[in-house]
Amino acid sequence: MMNRNSAFRILLADHNCRTRRELARFLVHRNHDVDCASTGYQATRALRKRDYDLILSDINLPQLSFFDLAAHLETEGLETDVVVIANLLDLDRAVSAMHEGAADFLLRPHDLKKVAYTVERIRELKDRRADDARRLQIRREAQMQEETTLALARAAEERDRMNIGHGRRVASYAVEIGRGLCFTEARLERLAFAGKLHDIGKIGIDDAILNKPGRLNDEEYAVMKRHSEIGEYILKPVSAFRDIAPIIRHHHERFDGAGYPDGLAGDEIPLDARILCLCDFFDAITSKRPYREPASLEQALEIIAEEKGAFFDPLVSEVFIKMHHPRRAVVAI
Ligand SMILES: [Fe+2]
Ligand SMILES: [Fe+2]
C-alpha cells in the first residue's frame with residue numbers, strides 16, 4: 001500500500017501562468033511532487049517521461065482538449081486520474097468531461113481548500129483501488145496454489161493406488177497439531193499443502209517398488225527413500241511451493257537423527273516436517289496393508305508415546321496424544 005505521507009506525483013497542465021504558479025506552490029507546500037506543462041505538447045511529453053498519480057488539466061489547454069488527453073492515456077495504457085480545471089463559463093464542458101471519465105473538476109478562481117480536498121480524495125481512491133487489486137491477486141494466487149496442489153496430489157494418487165487419501169489424512173492430522181501449537185492460519189494453510197503433497201516424490205519411484213504387495217527388501221527400500229528428495233526437487237521450482245519444499249525433503253527425518261535423507265536431529269529438522277513425520281507414521285500404521293492388519297488407535301498412541309524423543313518430537317507427540325484421548329473428529333481440509 002502506498003505510504004500516505006509519500007509524495008503524490010501530479011502533472012499540472014494549465015496555459016495560465018498565474019494558475020500554474022499558485023497551484024504548483026500550494027501543492028508542493030503540501031509535499032506533492034509537481035511537474036508543470038503549459039501546452040498539450042509539453043503535457044504529452046511529460047507523460048511519456050514519467051508516471052503520474054494525477055493530472056490536473058486545464059480544459060482549454062492549447063493543443064490538447066480533455067478528450068484528446070483521455071484518448072492519449074488510453075492509447076498509452078495509462079490509468080492516471082484526471083481532474084479538469086475550468087472557468088464557470090465552461091461548466092457544461094467540465095460536466096461532459098466527467099461523463100467521459102474525468103475524476104472531478106475544479107472551478108476558477110481556485111478555492112485552495114477544495115483543491116486540497118480533491119487531491120486527497122483522489123489519493124484515497126487510488127490507494128483503495130491498489131488495495132483491491134492486491135487482494136484480488138492474493139486470492140488468485142491462493143486459488144492457483146489450491147488447484148495445483150489438487151492436480152499434483154491426484155497425479156501422485158494415480159501412481160500410488162495403495163495410499164489413496166493418505167495425503168489428505170496426513171494434512172488433517174497435521175493441521176490438528178498445528179492448531180494445538182497455536183499456528184497462524186497462514187502457517188496452517190502451508191502445513192495442509194505440505195501434508196497433501198508430502199509424498200509427491202513417489203511419482204518418481206518405479207512402479208514395481210511403489211506398488212509391490214509385500215515388504216520391500218533393503219535395495220528397494222533404499223530406492224523408495226529417495227521420494228522425499230524427489231518431492232523437494234519437484235516443488236522447488238514452483239514459487240508458490242518454495243517454502244513447502246524443505247518440509248517435504250525432511251518429513252522422514254527422525255528426532256534422534258536416525259532418519260533420512262540428511263540425518264538431521266531435534267531442532268535442525270523444520271517443525272512442520274517433525275509434525276508431518278508423526279502424522280505420516282500414524283496414518284501408515286492405522287491403515288491396512290496387504291501384509292498386515294491396521295493398528296488400533298490405542299496401539300498407535302502407545303507406540304508414539306514410546307518413541308517420544310526418539311522417532312518423534314516430544315512436544316508434537318504430546319500434543320497429538322492429548323488430542324486423541326478421547327478420539328476427536330479429524331478436521332476437514
Ligand atoms: Fe513419505
Ligand atoms: Fe506418507
Side-chain angles (χ1 to χ4, degrees), residues 138 141-142 144-146 148-150 152-153 156 163 165-203 225-286 300-301 304 307-324 328 330-333:
I138 289 168
E141 280 171 9
M144 201 180 290
Q145 194 177 20
E146 182 83 44
T148 311
T149 302
L150 182 64
L152 286 170
N163 277 314
H166 170 65
R168 276 191 303 276
R169 290 191 300 274
V170 166
S172 298
Y173 299 133
V175 167
E176 275 189 311
I177 295 174
R179 289 227 162 92
L181 292 170
C182 300
F183 281 8
T184 61
E185 282 305 312
R187 188 160 178 190
L188 289 174
E189 203 169 278
R190 186 183 75 173
L191 189 56
F193 284 132
K196 285 175 189 172
L197 295 177
H198 74 280
D199 279 335
I200 186 69
K202 287 187 177 174
I203 287 176
K225 280 161 72 173
R226 289 204 55 239
H227 78 275
S228 52
E229 287 168 277
I230 297 171
E232 181 198 33
Y233 177 74
I234 290 171
L235 296 180
K236 220 174 179 176
V238 187
S239 59
F241 295 123
R242 204 156 289 149
D243 52 350
I244 288 173
I247 306 172
I248 306 298
R249 178 182 179 89
H250 296 298
H251 78 273
H252 282 294
E253 303 285 3
R254 286 175 49 128
F255 197 76
D256 59 8
Y260 65 88
D262 299 316
L264 301 184
D267 292 349
E268 292 172 340
I269 310 164
L271 176 57
D272 294 32
R274 284 178 257 158
I275 294 172
L276 289 191
C277 172
L278 185 145
C279 300
D280 183 51
F281 169 84
F282 179 78
D283 189 62
I285 201 161
T286 53
L301 292 178
I304 289 171
E307 291 290 339
K308 202 166 80 172
F311 202 140
F312 307 118
D313 177 295
L315 177 64
V316 172
S317 312
E318 268 170 36
V319 171
F320 187 82
I321 291 167
K322 217 173 267 176
M323 283 180 159
H324 288 78
R328 293 184 184 185
V330 171
V331 293
I333 295 289

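Just so we're clear, the structure is a prediction, and the values are computed from it rather than from any experiment. Along the sequence shown, the residues carry numbers beginning at 1.
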Please report the interatomic distance CD(E176) to CE(M323), rounded to the nearest 0.5 Å.
6.0 Å

Between CD1 on residue I275 and CD1 on residue I247, distance to nearest 0.5 Å
9.0 Å

Over all atoms of both residues, closest heavy-atom pair of H198 and G167:
CE1-CA, 4.2 Å

Side-chain donor or acceptor of E229 paired with backbone N/O of R226 under 3.5 Å:
no

Any idea which heavy atoms bring A171 and A192 closest together, and the distance?
CB-O, 3.5 Å

Do R169 and T286 make a side-chain contact, defined as non-hydrogen atoms from C-beta onward lying under 4.5 Å apart?
no

Are side-chain heavy atoms of I269 and D262 found at a separation under 4.5 Å?
no

Parallel, tilted or perpendicular: ring planes of H227 versus Y260, cut at 30 and 60 degrees
perpendicular

Exercise: do D199 and H166 side chains pair donor with acceptor under 3.5 Å:
yes

Can you tell me how far the CG atom of D272 sits from the CZ atom of R190, to the nearest 0.5 Å?
4.5 Å

Within-4.5 Å side-chain heavy-atom neighbours: L235 and L152
yes

Using side-chain heavy atoms (C-beta onward) and a distance below 4.5 Å, is I203 in contact with I230?
no

Should the pair F241 and F193 be assigned to parallel (<30°), tilted (30 to 60°) or perpendicular (>60°) ring geometry?
perpendicular

If you round to the nearest 0.5 Å, how far is CG of L264 from CD of E253?
4.0 Å

Check step by step if side-chain contact (heavy atoms from CB on, under 4.5 Å) holds for V170 and H251.
CA-CA 11 Å; V170 166; H251 78 273; over 6 Å; no

Which atom names give the shortest non-hydrogen contact between I177 and C279, and what distance separates them?
CD1-SG, 3.6 Å

Give a yes or no on whether a salt bridge exists between R274 and D267, defined as a side-chain N under 4.0 angstrom from a carboxylate O.
yes

Compare every heavy atom of G309 with every heavy atom of P314, then report the nearest pair and how far apart it is.
CG-CA, 4.0 Å

Within the structure provided, determine whether I304 and H324 are in side-chain contact (heavy-atom separation under 4.5 Å).
no

Can the ring centroids of F320 and F312 be said to lie less than 6.0 angstrom from one another?
no

For A300 and I285, work out which heavy atoms get closest and say how close.
CB-CG2, 3.9 Å

List the steps, then state whether side-chain contact (heavy atoms from CB on, under 4.5 Å) holds for R254 with E307.
CA-CA 10 Å; R254 286 175 49 128; E307 291 290 339; 4.0 Å; yes

Do the side chains of F255 and C277 get nearer than 4.5 Å, heavy atoms only?
no

Taking the side chain as C-beta and beyond, is there a heavy-atom pair between V238 and I244 under 4.5 Å?
no

Rounded to the nearest 0.5 Å, how far apart are CG of D283 and CG of L278?
11.5 Å

Take R187 and L271 through the side-chain contact (heavy atoms from CB on, under 4.5 Å) test and state the conclusion after the steps.
CA-CA 11 Å; R187 188 160 178 190; L271 176 57; 3.8 Å; yes

Would you call H252 and K225 a side-chain contact if the rule is heavy atoms closer than 4.5 Å?
no

Which heavy atom of R242 sits nearest a heavy atom of P237, and at what distance?
NH2-O, 3.3 Å

d(K322 NZ, S317 OG) to nearest 0.5 Å is 12.0 Å

